There are 4 protein chains.
Amino acid sequence: MPAAKKKTTTANASPERRRELLNIAAEVFAAHGYNATTVRRIADEAGMLAGSLYYHFDSKESMLDEILSSFLTELWDGYDAVLAAGLGPRQTIEALVTESFREIDRHRAAVAIYQKEAKHLAAQPRFGYLADSQEKFEKAWLGTLERGVADGIFRADLDIRLTYRFVRDTVWVAASWYRPGGQHSPEEIARQYLSMVLDGIAVRA
Amino acid sequence: MPAAKKKTTTANASPERRRELLNIAAEVFAAHGYNATTVRRIADEAGMLAGSLYYHFDSKESMLDEILSSFLTELWDGYDAVLAAGLGPRQTIEALVTESFREIDRHRAAVAIYQKEAKHLAAQPRFGYLADSQEKFEKAWLGTLERGVADGIFRADLDIRLTYRFVRDTVWVAASWYRPGGQHSPEEIARQYLSMVLDGIAVRA
Amino acid sequence: MPAAKKKTTTANASPERRRELLNIAAEVFAAHGYNATTVRRIADEAGMLAGSLYYHFDSKESMLDEILSSFLTELWDGYDAVLAAGLGPRQTIEALVTESFREIDRHRAAVAIYQKEAKHLAAQPRFGYLADSQEKFEKAWLGTLERGVADGIFRADLDIRLTYRFVRDTVWVAASWYRPGGQHSPEEIARQYLSMVLDGIAVRA
Amino acid sequence: MPAAKKKTTTANASPERRRELLNIAAEVFAAHGYNATTVRRIADEAGMLAGSLYYHFDSKESMLDEILSSFLTELWDGYDAVLAAGLGPRQTIEALVTESFREIDRHRAAVAIYQKEAKHLAAQPRFGYLADSQEKFEKAWLGTLERGVADGIFRADLDIRLTYRFVRDTVWVAASWYRPGGQHSPEEIARQYLSMVLDGIAVRA
DNA sequence: AATGAATGAGTCTTCATTCAT
DNA sequence: GATGAATGAAGACTCATTCAT
C-alpha cells in the first residue's frame, strides 16, 4: 500500500538550508552569469559535492527560478504597498525609487541576475512570470509618469517612453555596482538618484 | 618546418566575409549571451556547418575578441576626437553622449555584448584591454564632470562618483532596448537624454 | 541571412553508417537490456567515443525508437500483405507464423528488445505506436482465430483469448533463443512450430 | 575488533516486514525492470525513505537475489515432488505444467523478473544458482519429453529441443499477462494449455 | 526502525575544436 | 572554402549507498 507518493518536488529539507544554498547560488550566478556557472562551482562554494545539491533542488534551473521568483514576490509586496498609498506622481516615483534601492540592498545578487538574464529567460514558459512582472512594472511606472505630465509636474516636452526607460534603467543598473554595507545607505543613494533624475545635474540658472 | 604555428588558417578569407560572419555572431551573442551561444548556432545562421567557421576564425573566443576590440577601437576614435577638441565641460559631456549613441546605433550588438560580458571578461589576460578601456573611460568622464563642478557648471552637492555611474549607465543601458532605424535618430535620443540628465525631468519651479 | 535552419533532427550522416550503428546498438540493447546499456558501451562496440554517437543520433532513446519503429514497419509490410491475400484462417495463421519467423531472422535483436521493453515503453507518448501496433496485432491474430473457430477449423472448446496469447507468445519468445544462421531455417522452424500448435505434440490415437 | 563485517544490519527486522518489502520490490521490479527501478521508487511505494531500506537489506541486488532464490526454492520443492512421484511422461508433463501455473499464481512478480533478467544475471557469480536451475530444469523437461518419444507417447517427427523450448516458453511467458484472482484458476489455465500443447488447436479430422 | 543529509561513481549529453577530403 | 565525421573535455543530473541522529 503506497503511502505518500509524489513528493518529487524536492521541497524537503529545512527552509533555512535551502535559503543558505540559494544565497550562495545567487552570488555565483550574479558574479559569473547563469550559464557560465557550473553546479559544481556552487557546490564547492557551499562545501559539498555537486550531486548533493540535488537533494535540495530539482535542477540548476529551479534554483534560478526560486531566486528570481522570491525576489519578485518581495519586490511586488513593496511596490504594491506604494501604489496603494494614493500618493501624488512625484511622491510615488520617489517612493518607488527608494523601495527599489532597498530591494537592491536586500537582493543585490537576484537583481543582478535579473538584469542579465531576464530578457532571454522570459521567453521560456517556466519564466513567464518575468514577462508578466515586466508588463506590470511598466504599467506602474509609465502610468505614474503620465499622470505627472498631465498634472504639470513632469516635463511634457520629453518622449514619455524614453523617460520611462531612462528612469527604469537608471535605478536597476545600480545593482551592477552596488555593494551592501558600503558608504551610502540605500535611502541616501535613492535620495541622490532622485535629485539627479528630477532636477538634473546642471546647476540651475 | 617553420615555426609559424598558430594563425595558419585565420585571417585568410576575404575581410568582407569575416565582417559578415562577425556581424552574425555579434547578433547571436547579443541575443542569447556569449556562453549560451553555440558555434553551431552561429554557423546555422550563416548557412554553414560549425566546423567551417574555423576556416575564418581561430576560436569562438577570438570572434568575441574581434567584435569587442573593433567596437572599442571605433569608440575611442570618436571619444578621442571629442576630448581633443578642447570643449567646455558641458559641451564635452554633450559630445560624448552624442558620440555614444552613434556608436550604439552602429554597433548595437557589440555594445549589448559589452554590457553583459565585460565585467567577467576583463579578468582574463586576453581581454585586458577591456579593463584598460574602462579605466580610460572613467578618467575621461569623471574628469570632465569634476571640471564641470569646479567651474560651477555642474552641481556640487552630489557624490561625484555616483553621478559618474549614473551618466555612464544611463547611456550604455540604452543598447538593451535601442533598435537601429527606429522612431528616433541617435542624435535625437542623445538630445533627450542630455536634457534629462542635465535638467532633470521635473518641471522647473 | 539564415540559410538552412532547423536541421536539428540529426538526420544527417549517410544512411549506411546510421544502419551500422543501429545494428550495433540493437545487439547491445538485446544482450543487456536498454537501461543497462550505456551509450559508452555502444560507442566502444562501434569503435568510437560516446559523444561521437550524438553526431548521428539525438539521444539513446532515439536509437531505440528508430530500431523499434523500423522493425515494426517491416513487420507490418509483411503482415499486411498476408492479411490482404484473402486466405482461409488456417492458411492465414500459417503465413503469419512463417512471416514472423522471417522477421525474427532478419531483426532478431529488435524483436528481443521489443519483447523485453515494449510493455513499459508503450506508456510513453513517444512510443505510442507500440501500443497501436499491439492493438492492430491482436485484431489480426484474434480475428483470424475467431474466423477459424466459426468455420469449424479450430477447436471451439478453448478460451479464444488464451489461445491467442498462446500462439502469440509461442512465436515471439523464440527470438530469445533463435540465432540466425543456425541449424534450421526460419521456414523450417515455422513448419515445426505450426505443426505443434495446430496438431499438438501428442501422438494421435 | 571482531571480523563480522557484512550482514550486521541485514536479517534483523521481523521476517514479515522483510516479506512485505520484498513483495513491494518484486512488484516494482516486474513492472519496470530491475535496472530501471530505483531504490527510491521502492521506498516510496513502501512509504519510507530510500535510505531506510538499508536497515532491512544490504543492497538493491540482495533484494533481487532474495526474491529470485526464494521463488526458485519453492519452485523446486514442487518440481522435485512431481519428479519423485514416478509418473509416466504425459502425466509428468501435466503435473509440471500445473505446478508451474501454480507458481506463477503465487509468485507472478518473481516469475516476470526471472523471465526478463535471468539470462544476463546468470553470468554473475552471485546468481550462479540461476544457471544451475536452468540446467536442472532442462534436464527434467527434456528428459521427460525424450522418455515420452521413446515410449511412443509424444511425436517423434519433431526436433526434440525445439519442442522443449516450445513447451518451456509457452508456460513461463504466461507470467507476463497472468493476473492472480482473474477469470481462470491456475489449474484451469493449466488444463487449457495442456490441451493445446498436447492436442493442438486444429480440429481433428 | 527510520530520517535527513550527504557521497561518489557513473550516465547521458553538449560543444568547441580538429582534420582529412 | 566548406563538409563530414570524429574527439575529448566538461557539464548537469541520477542513484545506490552510508551514517550520525
Side-chain angles (χ1 to χ4, degrees), chain A residues 3 10 12-14 17-18 21 35-43 46-63, chain B residues 8-9 12-14 17-18 21 35-43 46-63, chain C residues 3 10 12-14 17-18 21 35-43 46-63, chain D residues 8-9 12-14 17-18 21 35-43 46-63:
Chain A
T10 320
N12 345 346
S14 67
R17 190 76 176 109
R18 281 176 79 79
L21 294 173
N35 280 294
T37 299
T38 69
V39 161
R40 189 169 155 230
R41 178 69 191 271
I42 299 171
M48 51 169 53
L49 292 177
S52 306
L53 281 173
Y54 289 82
Y55 178 76
H56 301 275
F57 304 100
D58 278 344
S59 64
K60 183 184 165 188
E61 199 183 67
S62 80
M63 291 187 226
Chain B
T8 39
T9 30
N12 303 3
S14 66
R17 189 77 176 115
R18 282 177 75 79
L21 295 173
N35 279 294
T37 298
T38 68
V39 162
R40 187 168 161 221
R41 177 71 190 268
I42 299 170
M48 52 169 56
L49 292 179
S52 308
L53 281 172
Y54 288 80
Y55 178 80
H56 301 277
F57 305 100
D58 277 345
S59 65
K60 184 184 166 188
E61 201 183 64
S62 80
M63 291 187 229
Chain C
T10 321
N12 348 344
S14 67
R17 189 75 176 112
R18 281 177 79 79
L21 295 172
N35 279 295
T37 299
T38 69
V39 160
R40 189 170 154 227
R41 178 69 191 271
I42 299 171
M48 51 168 55
L49 292 177
S52 306
L53 280 172
Y54 289 79
Y55 179 77
H56 302 276
F57 305 99
D58 278 344
S59 64
K60 183 183 166 190
E61 198 183 70
S62 81
M63 292 188 224
Chain D
T8 39
T9 31
N12 301 3
S14 67
R17 189 74 175 117
R18 283 178 74 81
L21 294 173
N35 279 294
T37 298
T38 67
V39 162
R40 186 167 161 221
R41 177 71 190 267
I42 299 170
M48 52 169 57
L49 293 178
S52 308
L53 281 172
Y54 288 80
Y55 178 79
H56 302 275
F57 305 99
D58 278 345
S59 65
K60 183 183 167 189
E61 200 182 68
S62 81
M63 291 187 228

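Because the structure is a prediction, the values reported are computed rather than measured. Here is the naming used below: chain letters follow the sequence lines, and residue numbers restart at 1 for every chain.
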Asker: Any chance you could encode DNA chain E as dot-bracket? Rule is Watson-Crick or G-U wobble with both distances under 3.5 Å; [ ] for pairs crossing earlier ones, | for another strand.
Answerer: .||||||||||||||||||||
Asker: What distance separates C/Arg17 CZ from C/Tyr55 OH, expressed to the nearest 0.5 Å?
Answerer: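 Output value for this atom pair is 11.5 Å.
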Asker: Considering all heavy atoms of both residues, which atom of B/Ala46 and which atom of B/Leu21 are nearest to each other, and what is their separation?
Answerer: CB-CD2, 3.7 Å
Asker: Between C/Tyr55 and F/dA6, is there a side-chain N or O to OP1/OP2 distance below 4.0 Å?
Answerer: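 Indeed not, no polar side-chain atom of C/Tyr55 lies that close.
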Asker: Determine the minimum heavy-atom distance between C/Tyr54 and C/Ser59, stating which atoms define it.
Answerer: CE2-CA, 3.8 Å
Asker: Measure CG/D/Leu49 against P/F/dC15 and give the value in whole Å, please.
Answerer: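 My rounded result for the distance is 16 Å.
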Asker: Which heavy atom of B/Asn35 sits nearest to which heavy atom of A/Ala36, and what is that distance?
Answerer: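 Smallest heavy-atom distance, with atoms named: ND2-CB, 3.5 Å.
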Asker: I need the CZ-P distance between D/Phe57 and E/dA1, as an integer number of Å.
Answerer: 12 Å
Asker: Strictly below 4.0 Å: does A/His56 bring a side-chain N or O up to OP1 or OP2 of E/dG4?
Answerer: no
Asker: What's the closest nucleotide to the side chain of B/Arg17 if the choices are F/dT7, E/dA6, F/dA2?
Answerer: F/dA2
Asker: Nearest to the side chain of C/Met48, which nucleotide is it out of F/dG4, E/dA6, F/dT7?
Answerer: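 Selected nucleotide (nearest to the side chain): F/dT7.
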Asker: Nearest 0.5 Å please: distance from the OG atom of A/Ser52 over to the CD1 atom of A/Ile42.
Answerer: 13.0 Å
Asker: Starting at atom CG of C/Leu53, determine the distance to atom P of F/dG4, rounded to an integer number of angstrom.
Answerer: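 Computing the C/Leu53:CG to F/dG4:P distance gives 19 Å.
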Asker: Go along nucleotides 16-21 of chain E 5' to 3' and tag each nucleotide: B for a protein heavy atom under 4.0 Å from its base, S when only backbone or sugar atoms are that close, - otherwise.
Answerer: SBB---
Asker: Within this structure, what is the CG-CE distance for the pair C/Asp58 and C/Met63, rounded to the nearest 0.5 Å?
Answerer: 9.5 Å
Asker: For C/Lys60 and C/Thr37, which heavy atoms make the closest approach, and how far apart are they?
Answerer: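 That closest heavy-atom pairing would be NZ-O, 2.8 Å.
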Asker: Output the rounded distance in Å from CZ (B/Arg41) to C1' (E/dT14).
Answerer: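 Computing the B/Arg41:CZ to E/dT14:C1' distance gives 16 Å.
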Asker: Who passes side chain to side chain contact (heavy atoms under 4.5 Å, CB included) against C/Thr38, sequence neighbours left out?
Answerer: C/Arg40, C/Arg41
